[in-house]
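Note that the structure is predicted; figures quoted are calculated from it, not measured. A, B, ... follow the sequence lines: proteins, then strands. Residue 1 opens every chain. Values below: every heavy atom of this structure, side chains too, minus hydrogens, waters and symmetry copies.
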Amino acid sequence: MAIQEMEKVYILGYEKLKLEILGALQKLGVVEVTNLKQSLEKSALANYIRRAPEIPTTEYDQKLATLQYGIDYLLPYQPRTGFVFGLIKSLLESIIGAKFAVSKKEFEEIGKRLDKLLELCNKLKNFESELSVLRSEESKILTLKEQLKVWKDLRITLGEVGESKNTFSCLCSVASLKFESLGREIKELPAWAKVVNIVSVNHYLFVIVSRNYKEKLEKLFRKYEAHIQIFPEELKGTPKDILKELDSKLRKMDFHRTKTQKELPKLAKYRYELLIAYDYLLAEKTKYSTLSSLGRTQNTFLLEGWIKKSKTSRLKEALAKYKNAEIITRAPLESEVPPVTLEERKVFRPFQLVTNLYGKPAYTEIDPTPFLAPFFLLFFALCLTDAGYGLVLIALSLFLMKKVRAGRGFFMLMLGCGAVTVVIGFLTGSFFGNLIGLKAIWMNPIAEPADTITFLLFTLMLGVIQTIYFGPLAKLYHNIKLKKFKDALFDQVFWVIFLSSILFILLNHLGFFGVALRKVFGITEIFGLNLKALGAALQPYMLYVAITTGIVVVATKGRHHKKIGKRLATGLASLYGVSGYIGDILSYSRLLALGMTTSAIALVVNTIAFMFIGTPYVGILLAVIILIFGHAFNLIINCLTAFVHTARLQFVEFFSKFIGGTGKGFTPFSESKRYSEVR
Amino acid sequence: MEILGLAIAVMSGALAATLGCIGSGVSVGIVGQAAAGATSEDPEKFGKMLILEVLPGTQGMYGFLAMFWVMLKVGMLATPLELTYSHGLAIFFACIPMMTACPISALWQGKTCISCIGLVAKRPEEFGKAMIIPVIVETYAVISLLVTILLVNGIKI
C-alpha cells in the first residue's frame with residue numbers, strides 16, 4: 001500500500017513491426033509512453049535518431065464526430081426505463097462515470113462493422129436535414145393557408161387578379177370602421193367592389209377599376225389604410241382550389257415524415273454498437289497519435305516510457321513473440337520525476353477516492369490514504385451525527401452496490417461513513433433528530449448548552465491530535481522508512497516535543513490543563529495522579545523542555561543551508577509556524593457547527609410534523625409525508641456538506657503537514673474508453 | 001421594557017436567519033445561472049453542476065441554526081423567559097456576525113462556485129478540486145456561526 005515503484009523502460013524494434021507492438025502495448029495498458037522529444041534534446045543519440053513524424057488525426061476526429069452524432073441522435077429513441085429512475089440513474093452515472101460492460105470479442109469484431117455503422121450515421125444526418133427541410137416547407141405552406149383562408153369565397157382565380165389590358169383589379173382588406181367611407185369613395189370612381197368576407201374587425205374586398213384610375217385607387221387605399229393582398233405568382237387557381245392543393249401537399253409531407261420517423265426506433269438498436277465503435281475508433285486514434293512520441297531510424301523505432309516495476313515481467317511476456325524486439329529497463333535517475341500511481345490494501349481502497357480529489361503526492365513522498373482513513377470516517381460521522389441517517393446511508397449503499405455495477409469504492413465509503421455515523425448518533429442521542437427521544441450516552445450538543453462547549457473542546461482535541469501528532473507522525477514513519485534518521489529526529493521528534501511543551505504551558509497557564517479530558521471523557525486522573533496536580537507539578541520542567549527543544553529546532557531547521565546567518569534565519573522563521581497551528585486547530589471547530597446544523601434541522605422537521613398530527617383524518621398522513629421529505633432533504637444536504645468539509649479538513653490541515661501533492665498521475669497507454677469497459 | 005427585550009431577541013434571530021437565507025438564495029441563484037449555461041453545452045455534467053450549485057446553500061442553514069439557538073436561549077419553544085431590554089440587546093449584538101459575515105461569505109462563495117463551474121466545464125476530471133475551492137470560503141461563515149453560538153451561550157438570563 002503505497003506509491004508504486006516505477007522503472008524507465010525502452011523498447012527497441014523493427015520499424016515495420018511498430019504498429020503491431022504498439023497495439024500489443026495498448027491492450028496491455030501498463031506502459032506510459034513519454035514523448036521522446038525532450039530526452040532527445042539532451043542526448044547524444046539525437047544524432048542517430050529522428051523523431052517520428054506527427055500523424056494528423058483529423059480523419060479519426062471526423063469519424064468520431066459522425067459516430068457521436070449518431071449516438072446523440074438515437075438517444076431519445078431508446079426504450080425508456082421509467083422517468084424518475086432513469087433520471088436518478090443518469091445523475092449517479094454522471095458523478096461516478098459509469099461505463100457498460102462489453103466482451104473482448106465484441107470489441108474486436110466491431111472493427112469490421114465500422115464502415116456500415118458510419119454509413120448509418122450519415123444516413124441519420126440525411127434524415128435530419130430532410131426533416132428540417134420538410135419542417136420549413138410546412139411552415140411556409142401553413143402561413144400561406146392562413147392568408148388564403150379569408151379569400152376562399154372568391155369565385156375568380158388568382159391568376160385573373162391583377163393588371164390586364166384595360167383594368168386593374170386587386171384584393172384588399174380594410175378596417176370595418178373605415179369600410180363605409182372607402183366604399184362610398186370607390187363608387188365615385190369607375191370601379192366596382194365586392195365584399196368577399198368579413199372577419200373580426202376587417203372587411204375583405206375585391207376591387208376592379210379602369211386602368212387609368214389605378215393611382216387614384218391606390219391613393220384612396222392609402223387614405224383609408226387599406227392593404228392590398230398580393231399572392232405568389234405561381235398560384236393560379238381559385239383560393240378554394242389552391243387550399244385543397246395545399247392540404248394534400250401537407251398530408252403528403254406528414255406521411256413522408258411519419259414514415260421516416262418510424263424507421264428511427266428500429267435503428268435505435270444499433271446505438272449500442274455505435275457506442276462500442278466509438279470506443280474502438282478512440283483507441284485507434286490514441287494508438288496513431290502515440291506514434292509521434294516515438295523515435296526512429298531508417299529501419300527501427302524506439303519507445304521510451306514508464307512502467308510499474310511489478311509489471312515489467314508481464315510486459316516482457318507479452319512482447320516475447322517479437323524475437324527481435326529489445327526491452328531495456330532501469331531505475332529512474334535522480335533528475336527524473338516518475339509518474340505516481342497509488343495502490344492500497346483492500347480496506348483503504350475506498351479512501352483513494354478522497355485522495356484523488358486532492359491530487360497525487362510527489363514520487364518521493366508518502367501515500368496519505370491510509371492515514372486519512374480513520375479520521376475521515378470519524379469526522380464525517382461527527383458532521384452528520386444522527387443514528388437514523390447513518391442507517392439510511394448503510395441501507396442506501398448496500399442497495400446501490402447491488403443495483404449499479406460501477407462505483408463500488410464510492411459505495412463502500414458510504415457504507416463505512418454510515419456505520420460510524422450510527423455509532424456517533426447513538427453516543428449523542430440523535431435518531432432522526434429527537435424523533436424517539438433517545439438519551440445521549442455521552443453528550444448531546446443541541447439538547448444541553450453545557451454540552452456544546454464540551455463538544456467544542458472535543459473537536460479541538462481532535463484537531464490537536466491530527467495536526468500536531470498525526471501529521472508529523474506520518475512524516476516520521478516515512479523518514480524512518482527511508483532511513484533518514486537525522487531528518488526524523490530534528491524535523492519531527494524535536495518539533496513535536498517543542499509544540500507539546502508549548503501547548504502544555506499554555507493550557508496550564510490558562511488553567512485548562514486536564515479540563516478537556518475531564519469534561520469530554522470524565523477523566524480526572526491518569527495512572528492515579530490527579531491531572532491538575534500533575535499539570536502544576538510538571539509546569540516548571542516543561543518550561544525547560546520548551547526552551548531546550550526550541551533552541552534545537554532553531555538550530556537545526558536551517559541545516560541545509562551553508563551560511564550560518566541563513567541557518568539561523570530559517571530556524572527562527574520556523575518558530576512562526578507555531579501560530580499557523582492555532583488557525584489549523586480552530587478550523588476543526590466546524591465539526592461542532594456542522595453537527596449541530598443537522599440536529600437542529602431534524603428537530604425542526606419533527607416539530608413541524610408533530611404540529612400536524614392533530615389534524616383530523618389526514619393528520620398522521622401529513623406528518624409522515626413531512627417527516628419523509630424533511631429528513632430526506634436534511635440528509636442529502638448534510639451529507640454533501642459533511643463530505644466536503646471533512647475532505648477539506650484532511651486536505652488543508654492534515655495533508656499539508658506531510659505531503660505537497662505535486663505528483664503527476666500515471667497515465668498508461670491503453671484503450672481509453674469513453675462508454676464501455678471490457679470485462 | 002420587558003416586552004421590548006423579547007422583541008429585540010426575536011428580531012435578532014429573525015434577521016440572522018433572513019439575511020443568511022438572502023445571501024444563500026442570491027448566491028445559489030447566480031450559480032444556478034452558470035450551471036444552466038454549462039449544462040446546455042454538455043448535459044452529461046449535470047450532476048457535478050448540481051453539487052456545485054448546492055454548495056453556497058449552507059449559509060442559510062447556519063442562519064437558521066443561529067435563530068434556533070436564540071430561540072433555545074430565550075425559551076421560545078416552551079414558555080419565553082422574562083427578558084430585560086439589556087438581554088435583548090445582548091442577543092442582538094451576539095447575532096451581528098451572522099447578520100453580516102454570513103450573507104457576504106455566501107455571496108462570495110457563490111462567485112467562487114461560478115468560477116469552479118468554469119473549471120469543471122473545461123476539465124471534468126478535476127471536479128474534486130472544484131468542490132474544495134468554494135469550501136475554503138465557507139470557513140468564515142462557520143466561524144461567524146460559532147461566534148454567535150458561543151456568545152449567545154454566554155448570555156445569562
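Summarising the local packing, CD of B/E41 is surrounded by 12 or fewer heavy atoms from other residues, nucleotides or ligands at distances under 6.0 Å. More than 12 heavy atoms of other residues, nucleotides or ligands lie within 6.0 Å of OH in A/Y69, so this atom counts as buried by the packing criterion.
Using a 4.5 Å cut-off between heavy atoms, A/L594 contacts chain B through its side chain alone, with no backbone atom that close. Interface residue B/T58: only side-chain heavy atoms are found under 4.5 Å from chain A. Interface remark: A/L640 contributes side-chain atoms only to the contact with chain B (heavy atom separation under 4.5 Å). Within the 4.5 angstrom heavy-atom criterion, only side-chain atoms of A/L603, from C-beta onward, approach chain B. A/F643 touches chain B through its side chain: at least one heavy atom from C-beta onward sits under 4.5 Å away, while N, CA, C and O do not. Looking at B/I136, the atoms closer than 4.5 Å to chain A (heavy atoms on both sides) sit in the backbone and in the side chain alike. Neither the backbone nor the side chain of A/V354 comes within less than 4.5 Å of any heavy atom in chain B.
Using a 4.5 Å heavy-atom threshold, the side chains of B/T139 and A/R648 count as touching. A/T641 places none of its side-chain heavy atoms less than 4.5 Å from the side chain of B/V135.
What you find for B/F68 and A/A600 is that their closest heavy atoms are CD2-CB, 4.0 Å. Heavy-atom minimum distance, A/T597 versus B/M61: CG2-O, 3.9 Å. Taking all atoms of both residues into account, the shortest heavy-atom contact from A/L357 to B/G128 is CD2-CA, 3.0 Å. Nearest heavy atom pair, residue B/Y62 against residue A/H645, reads OH-NE2, 4.0 Å.
With chain A as the partner, the residue from B/L65, B/I143, B/I149, B/V152 showing the most heavy-atom pairs under 4.5 Å is B/L65. With respect to chain B, the highest number of heavy-atom pairs below 4.5 Å among A/A593, A/S599, A/S587, A/A647 belongs to A/A593. Here B/E138 is the residue among B/M131, B/E138, B/E126 with the most heavy-atom pairs under 4.5 Å with chain A.
Here the CG atom belonging to A/L592 is positioned 7.5 Å from the CG atom belonging to B/L150, to the nearest 0.5 angstrom. B/L145 CG to A/M596 CE: the interatomic distance, rounded to the nearest 0.5 Å, is 6.0 Å. Rounded to the nearest 0.5 angstrom, B/L72 CG and A/T452 OG1 are separated by 9.0 Å. In this structure, the separation between CZ on A/R590 and CG on B/L146 is 9.5 Å, given to the nearest 0.5 Å.
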